[in-house]
Structure formats: C-alpha cells, structure tokens
Amino acid sequence: MIKSPILQSSRHDLTHHNPAEALNSFKAKDQDFLFLLKRCNDIDEFKQIHARFIKLSFFCSSSSFSASTLLAKCAHSGWDNSMNYAASIFRGFDDPCTFDFNTMIRGYVNETCFEEALFVYSEMMERGIEPDHFTYPCLLKACTRLKSIKEGKQIHGQVFKLGLEDDVFVQNSLINMYGRCGEMALSSAVFEKLEFKTAASWSSMVSARAAMGLWSECLMLFRGMCSAKDVKAEESGMVCALSACANTGALNLGRSIHAFLLRNISKLNIAVQTSLVDMYVNCGCLDKALHIFKKMDSRNNLTYSAMISGLALHGEGEAALRMFSEMTNEGLESDHVVYVSVLNACSHSGLVKEGHRVFEDMLKEGKVEPTAEHYGCLVDLLGRAGLLEEALETIHSMPIKQNDVVWRSFLSSCRVHQNVELGQIAARELLKLASHNPGDYLLISNMYSQARMWDDVARTRTEIANKGLKQIPGFSIVEVKGKTHKFVSQDRSHPQCKEIYKMLNQMEWQLKFEGYSPDLTQILLNVDEEEKRERLKGHSQKVAIAFALLYTPPGSVIKIARNLRMCSDCHTYTKKISIIYGREIIVRDRNRFHLFKGGICSCKDYW
DNA sequence: TTAGGGTTAG
C-alpha cells in the first residue's frame, strides 16, 4: 500500500518496534490517531489509519473512545461502500456501547438503508444496551421513511419507558413520524404537549401536512408559526406554505409571504424562488411568475419544470416549448416530470406534431424511462386532436401496464369527438380497472346522452345508483372586495340571491341576441327541456359571474376558481359574456386557466 | 473528548 501524505504529516511517527514503548506512549499516540482521523479524506487513507489502529490496539487492550471515533468517522464519511466497511469494524467490537449502536443507526439512515437501521436497533435491544436521547431521532426518521407506523408506535412506547419523552429532538421526530405516516391526531397530540415549541417543531408540523396534501391545515399552522413568540419563520416553512398557496389558489397569502421574504431575507435560495414561480403561476399571475423566473441568477430543472407547466396551464404551449429548448441549451437534463410538463403543454395547445416529437426524442435518448403518465399525455395529445385511432393504437402498444388514467383520457376524447364506438371500448376497459370512480360513470353517461342513446344512459345511471356512488358537487369561488364567495349549482343560499337570479335572467336575455343557445346535452337528468334550461342556467360558474358583475366595478377583471372541469356550455356562455359586459374573466378549473376576453378564450376552445 | 430533529421546490 502506498503511504499517503496524510500519514507522513502526522505529528509523531507511529511506528514502534518495541511493544513496551508503544504501550507507554499510547496516550500521546491516541492523540495522534485522533488528529489523523480528523484529517483523513478518503477510504484509502482511512484503511491505513485503521491498520495502524489494529496494530496499536493489539498491544493495548482497547481504547473504546478511539475505537468508537474510528467507527463514527467511517460510518458518517459518505464514501463509497463505507457502511459495509463500518459494519465490519462494528462486528469486530466485543461489546459495542450505546454510542457505537447510535453511530451505526445514523450511518444507515444517512445512506437511506432504513431497514438496516431498524435491525441494528433490535440487536441493541436484544443485547440489553440501553438507548439514549441520541438514538431516537434517527431511528424515528427510519420509521418515517419506511412509513412503518407499527414500529414507530412501539418505539414511542420505549421512548416513554426510558423517560426520554421530554427531549425536544425526540419530540420533533415523533411529530414528523406521525404526521408523515398519516396519523395527524397523534402528531398534533405530541405537538400540543410540547412545553417549548422550536422552529423545528413548527416546521415538522407544517411540512408533514404539506407532504400529505393537507393544504388548508398547512396554511393554518403556518399562520400560527408566524404569530408564535420566539420562533422565526424559516425558509423551509415558507416553501411549504407557498406550495399550499399554489395548491389552493391563495394569492393574497402568497403575496404577503413574498413580501415577508423580500423584507427579511437578502438572497432567496433557488427552492424559495421556484416556489414563488409555482405559486404565482397557479394563482393566475403568469406575468409575475415570468418576471421572477427571468430575474433568477441560476435555475435548475425544477425551476424550468414549474415555468413550463405554468405556461401549459395558461395555454402558452409554444412558449413552453421554447422554454424547454432554453433549458436543454443551458445544459440541464430533463427528468420525467419535465417531460410530463412539456407533453401536457403540447396537449393543451393542440401541438400534436411537436408533442409527438418530444415523446420520440425521450424514447430515443433513453435517459428517462417512459411511465404510464407519459403515455397518458401522448394519448391525451392525440385524442384531443381527434386522432382517436392513433390514440387507441398507442394504448395497445404501451410496453407497460395500461392504467385507468390512459383509458379515462381516451374516453374523454371519444366523448368530445362523439365517437361512441371507440368510447364503449374505453368505458369497458376503464370500468374493469377502477369501477368505483363516480366521475367515470358520469363521463360514460354523458357520452351516451350526447349520442341520444337513452337506454344506455338509463343503464349507466342505474349502475351509479346501485353502487351508491355520489357525484362530487361542483362549486365556483369568486373574490369580491377581498372576500371570497362560494357558489354551488342552483345555489339559493346567498343573501343576494334574488338580485343574482334577476341578473342571470337579464344575462340570458342579452346572450340570446349574441346567438347563444344552451347546450342541453350537458344535463344528464331525465327531465324536460325547460327544466334542463333552468338547471344549465344555474351552473355555479354562471351564478358566480352574475354575482361578480353585480358587485365589482365595471371593467374590472373577474377571477373565478372551480373544483371541476368546466362544461362546454359554461365555456361558450362565458366567452359571450366577456363581449357583452366588456370584462376579462379568468377561470381556473381543475386542469388549467381560461382567460375570456372579447369573446374568445385563451384555450382556443382546446381544453 | 466523540453524535441528534424539521430541507423545504416542479
């Protein structure tokens, strides 16, 4: 073995041929040994030090402090194969102490070998080595990552028995473990019991809820964190809160977080900036998002991905493709999420040729393994454009298992393009895979209804009733004078209900002059035409628009958010309203933004 | 004398 410079630079020469001399000077050598360990940078140097250590230890019975330090250095080094080497050292110990077990647990957790960490802990238990407050944070992290709630609960019991429950590090780990394993009540219970809530306690609560998609809880906690004494809201909490704003469309809160960040943090990191881009894009402010994006010093593939899917969301497919080339030119590699964003952008803008090329390039490059999601995008792209045969061929040629998403997307296209024959194939396959999704039955029933196949409509409806499936009620939210108002279909609960319905009648009267006639096929109920007209008139989006026209200043932009995809009648209706009343109307539905202006929509009727 | 929790974004 070549002697490395680090060994030559030791303060003393470690070589002793006389065992007695070695024994006498061991204390000094011990210091040398620790000094060398500290400066050791790679596994080869480490192995040399380890060899010396064995040689010295042969003469001196043991030096457990040094041995433990040696083990820790290796286990936490991050070198290739370091945990295997650490395990071999650990196995050589006659009676490893608590520190050594903690070292192994932490080492395995850092290397994402969570099961091994749990094995080490059970060995610790078997050998009767008592864990301490350093043992549990890492161990609980292993349970969190493995989503092993059963083991997590047992470990919590042991923490309690050992009287370690008061340790704030252990408590924060418990909050996180319970939260990320979906046990929100237990997570909150630990949090509530905390005498001193640290920034990490709050962060654990906020980020665990964000990870579970509990956005409103996440925002509520975030507000609590900001108003808590002695806790400074940190960037990580901000990022989670911005993500919650993006997911709920909470623009005002998002803006105030942005303002707070600008006031308190001199240089925003890339994660925070990406979250800002994503928040603005999802709250309908594409220009603001682009402004932040352009001013960033550096961007990574997550930043680009946020911007690309943002452009897709706003129907800017060509701009999204330009952004994608820019990203490639910057030397950044696309991952599977970026490809989904780009394919979606093409799909939402009818860029069939371009989307197909992106998909082919992805296959050719071979760096990203296509998933069912990618095939879903391709099927959507072809299907929306009316290329139903090609879409079906794509599904049949998928090298991976067909899932409900691909068939649902295909079914939706068949409905739009009124191809019942292919639609029936899609319906059959879809119901085989996910028979309990009420939305699927609705889509099928809608398709039959448009084709006036009433027997099939009735059969589908009976199936819905027999299975006890409940349709998700649609709603629209509109902000007027800083207050949000939520309307459901046929809503008559609003205090201004009388004025709203009077307005709706007036609107319909004017719409008739613009050549609007209601699309009654959108109503699935078995009722007469007049009733269908009434039902259609009371769709939540129309009620929300009527309310906004009454109570917002003339010429101002109307912003609406809804939980479901817009029906085609509401789409036509809103286009005409934008001309008649000279208003810009922005509607965010489940899939994207629609900007209605001067009688046309930014989606170019392609959604 | 050795060590620990929450890392956040698409």
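For the numbers below, each heavy atom of this structure counts, side chains included, while hydrogens, waters and symmetry mates do not. Numbers restart at 1 for each chain; the letters A, B, ... are given by sequence-line order, proteins then strands.
With rounding to whole Å, A:N344 atom CG is found 15 Å from B:dG10 atom P. The CD1-P distance, from A:I105 to B:dA3, rounds to 17 Å in whole Å. Atoms CZ (A:F134) and P (B:dT1) sit 13 Å apart, rounded to a whole Å. A straight line from OH of A:Y108 to P of B:dA3 spans 21 Å, rounded to a whole angstrom. Atoms CG (A:D132) and C1' (B:dA3) sit 9 Å apart, rounded to a whole Å. Going from atom CG of A:D100 over to atom P of B:dA3 covers 14 Å, rounded to whole Å. In this entry the distance linking CZ of A:F99 with C1' of B:dA3 reads 5 Å, nearest Å. Here the P atom of nucleotide B:dG10 and the CD1 atom of A:I292 are 14 Å apart, to the nearest Å.
Distances shown here put every side-chain N or O of A:R106 at or beyond 4.0 Å from the OP1 or OP2 atom of B:dA3. Of the side-chain N and O atoms in A:S243, one or more sit less than 4.0 angstrom from OP1 or OP2 of B:dG10.
Ion pairing between A:R127 and A:E123 holds under the 4.0 Å rule for side-chain N and carboxylate O.
Listed nucleotides B:dG10, B:dG4, B:dA9 differ in distance to A:A271; the shortest reach to its side chain belongs to B:dA9. For A:T303, whose side chain is taken as the heavy atoms from C-beta onward, the closest listed nucleotide among B:dG10, B:dA3, B:dA9 is B:dA9.
With 3.5 Å as the limit, one finds no donor-acceptor pair spanning the side chains of A:T135 and A:R106. Side-chain atoms of A:S201 and A:T198 form a donor-acceptor pair, as typed in the model, at a separation below 3.5 Å.
For a distance-only test at 3.5 Å, the side chain of A:T274 qualifies as a donor-acceptor partner of the base of B:dA9. At a cut-off of 3.5 angstrom, counting only N and O atoms as typed in the model, there is no donor on one side facing an acceptor on the other between the side-chain of A:N269 and the base of B:dA9. With hydrogens and angles ignored, no donor-acceptor pair closer than 3.5 Å exists between the side chain of A:D278 and the base of B:dA9. For B:dG10, its base never sits under 3.5 Å from the side chain of A:N300 at any donor and acceptor pair. Between the side chain of A:D167 and the base of B:dG4 there is at least one donor-acceptor pair of N/O atoms closer than 3.5 Å.
Across all their heavy atoms, A:I175 and A:S204 have their closest contact at CG2-CB, 3.8 Å.
When heavy atoms are screened at a 4.0 angstrom cut-off, A:T135 is found touching no nucleic acid atom at all. A:H76 comes within 4.0 angstrom of nothing in the nucleic acid, heavy atoms only. Across all strands shown, A:N102 has heavy atoms under 4.0 Å from base atoms, whether or not it also approaches the sugar-phosphate. Across all strands, A:L242 comes closer than 4.0 Å to no nucleic acid atom at all (heavy-atom distances). Among the atoms of the strands shown, none is found under 4.0 Å from any heavy atom of A:V340. Residue-level contact check: A:K141 touches the backbone only, with heavy atoms under 4.0 Å from sugar-phosphate atoms and none from bases.
Taking a centre distance below 5.5 Å and an interplanar angle below 30 degrees as the stacking criterion, A:F169 stacks against the six-membered base ring of B:dG4. With centroids closer than 5.5 Å and planes inclined by less than 30 degrees as the test, A:F65 and the base of B:dT2 fail to qualify as a stacked pair.
In this structure, A:D80 places its CG atom where only 12 or fewer heavy-atom neighbours from other residues, nucleotides or ligands lie under 6.0 Å away.
Just one of A:H156, A:E183, A:K153 meets the side chain to side chain donor-acceptor pair (under 3.5 Å) condition when paired with A:Y178; it is A:H156.
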